[in-house]
Protein chains: 2
Amino acid sequence: MSDRPYHHGDLRRAILAAALDVIATDGPTGLSLRDLARRAGVSHAAPAHHFRDRTGLLTAIAAEGHGLLAAALAEAADLRDAGVRYVRFAREHPAHFQVMFSPELLRAADLELTTARALSAAALTDAIATTAPAEDGTDARLARIAVWSLAHGFATLLLGHNLDGLLGDEDPEEVLRALPMVLFPSV
Amino acid sequence: MSDRPYHHGDLRRAILAAALDVIATDGPTGLSLRDLARRAGVSHAAPAHHFRDRTGLLTAIAAEGHGLLAAALAEAADLRDAGVRYVRFAREHPAHFQVMFSPELLRAADLELTTARALSAAALTDAIATTAPAEDGTDARLARIAVWSLAHGFATLLLGHNLDGLLGDEDPEEVLRALPMVLFPSV
DNA sequence: GGGCAATCTTGTCAGTGTCAAGTTGTGGCC
DNA sequence: GGCCACAACTTGACACTGACAAGATTGCCC
C-alpha cells in the first residue's frame, strides 16, 4: 500500500523475529498474526503463506528452538555443564523455550519438529553417556530424567520469576551448580 | 431462553469446573468464555459477572490451585514426601498447575492470588524446615530451590508427555523418589 | 408487600484466525 | 530477449472471540 516493495525480502525471518519478541514478553497467548504482519509492514494474510497457521508459526519456532538447544548441549563438557547450558539456553531464548514445551500449541506430527526434537534429545543423552557411565549401577535413563527435571524445573521457575526472592543477586548458574549436592544428603 | 430458571444456582462453580475441564485437555489457549457460557446453559456475558475477565477467571483458578497445593504440602512427612506430593498435585490438578505457573495469564496484583501463593510457599518452606535443619551447613534456601526445581521440572515434563518414552510403565512417584540419589554421585 | 441489589440477558463493537480469489513480481527455459 | 509458471503478497469476506453498556428478572430483607 505504501512505497514498500511488493516483495518483502525475508518476510519469514522478519515474522519469526517479531514473534519471538512478542512471546518473550507477553507469552504465546499475546501473539497475533495480524499484529506481526503490521510490524513487518505487510498485509494481514501474508504470514499465512510462510507458516500456514498460527500453529504452524509456533511449530516452526519450537523446531528452531530444539535445533539451538541441541547445538548448545553438543558442546557440554560434562553432565553438570549440560544442565548449566540447558538453563542458559532457556534464559537466552525464553520464547523458544516456552513454546517448545507447550505441546497444545504445536503440530505434533510436523516432520521438521519431530526431527529437531530427536536431535536435542540425542544431545542430552550423549552428554550423559560421555560423563557418567553406569559404574555404580546407576541407570543412565534415570540420570537423564534427574538432570533434565532439575534443569528444566530450575529454568521454568526462573523464567516465571518464581525464584526472584530466593536468588537475590546471585548468579543463577552458580546456584544451579550447587543444587545436586544440596539435594542428596538431605533426602 | 429455554425452560431453565433465570438464576443458575451455582454458576461460578459450574464455570470453574468447565474451565478446568477444557484447560486440562486443550490448555489455557483453548479456553473461551463464550464456550463456557454455552456449556453452562447461560448467556455469553454471564461469566463476566463472576470473574470480570478472562484474566479474572484464570486468576481465580490459580488462587484455588495454590490453596489446594498448600493443603497437600501441609501433610508432608518429610522433604522427599513433599516432592512426591507436589508431583501428585500436578497430576491430579493439571489445569490448576498449568495456570498457576503462567504469570502472563494472571492478574499479578490480585489479593486472593497473592495470599494463596504465600500460603503454598510457606507450606513448602515448612516442609523443608521440619525435615532437614542445616546441620551440615546446608542452606535451607538452597534446599528449597533444589527440591522445588526437581519436583517442578519432573511434574512439568510429565504433564507435557516428555517422559512417556523414558518411564515406560513405571510409577512416576517411585521414579521421582529415586532421582536425588541418582543425581548426586554422577555430578 | 415494596424496594433493592445481585444475577443474568440482549445487543453491539473492535479485533482475530482462516479461507478464497485476485495481483504483482521473479526466475528459469526456450 | 520474451514468455510463462510459480512464488510472494493483497484484498475481501466470514465466523468467532472478549469486552462493554443497558435492560430484564429474581430472590431477599426490612
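Throughout, protein chains are lettered first and strands after them, A, B, ... in sequence-line order, and every chain is numbered starting at 1.
Between B/Arg12 and A/Ala45, the residue anchored closer to the 5' end of DNA chain C is B/Arg12, taking for each the nucleotide with the nearest heavy atom.
Here D/dC20 presents its C1' atom at 14 Å from NE2 of B/His49, a figure rounded to the nearest Å. Rounded to whole Å, the distance from CZ on B/Phe51 to P on C/dC8 is 11 Å. The distance between atom CG of B/Leu33 and atom C1' of D/dC20, rounded to the nearest whole Å, is 13 Å. If you measure from atom CZ of A/Arg34 to atom P of D/dT11, you get 12 Å, rounded to the nearest angstrom. Regarding B/Arg52, its CZ atom lies at a distance of 19 Å from the P atom of C/dC8, rounded to whole Å. For the pair B/Leu31 CG and C/dT16 C1', the interatomic distance rounds to 16 Å; values are reported in whole Å. Rounded to whole Å, the distance from CG on B/Asp10 to P on C/dT7 is 10 Å. The CZ-P distance, from B/Arg107 to D/dG18, rounds to 14 Å in whole Å.
Taking only side-chain nitrogens and oxygens, B/Ser32 comes nearer than 4.0 Å to OP1 or OP2 of D/dT17. One finds a side-chain N or O of B/Arg38 lying less than 4.0 angstrom from the OP1 or OP2 phosphate oxygen of D/dT17. The phosphate of D/dA19 has neither OP1 nor OP2 within less than 4.0 Å of any side-chain N or O from B/His44.
A/Arg177 is listed as a side-chain neighbour of A/Asp81, based on a closest heavy-atom distance under 4.5 Å.
Using a 4.0 Å heavy-atom criterion, one finds that A/Leu36 contacts no nucleic acid atom at all. The residue A/Arg54 sits close only to the backbone: its heavy atoms come under 4.0 Å of sugar-phosphate atoms, none of a base. Within the 4.0 angstrom heavy-atom criterion, only backbone atoms of the sugar-phosphate kind lie near B/Asp53; the bases stay farther away.
The aromatic ring centres of A/His93 and A/Phe97 sit 6.0 Å or more apart. For A/Phe101 and A/His152, the distance between ring centers is under 6.0 angstrom.
A donor-acceptor distance shorter than 3.5 angstrom exists from the side chain of B/Thr25 to the backbone of B/Val22, with no hydrogens or angles considered.
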- Task: Check the pair B/Asn162 / A/Trp148 against side chain to side chain contact (heavy atoms under 4.5 Å, CB included), numbers first and verdict last.
- Result: CA-CA 10 Å; B/Asn162 289 104; A/Trp148 196 7; 3.8 Å; yes
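Contacts between residues 17-29 of chain A and DNA chain C, defined by a heavy-atom separation under 4.0 Å, are absent.
The one candidate from B/Asp53, B/Thr55, B/Thr114 that meets the side-chain hydrogen bond (donor to acceptor under 3.5 Å, both in side chains) condition with B/Arg107 is B/Asp53.
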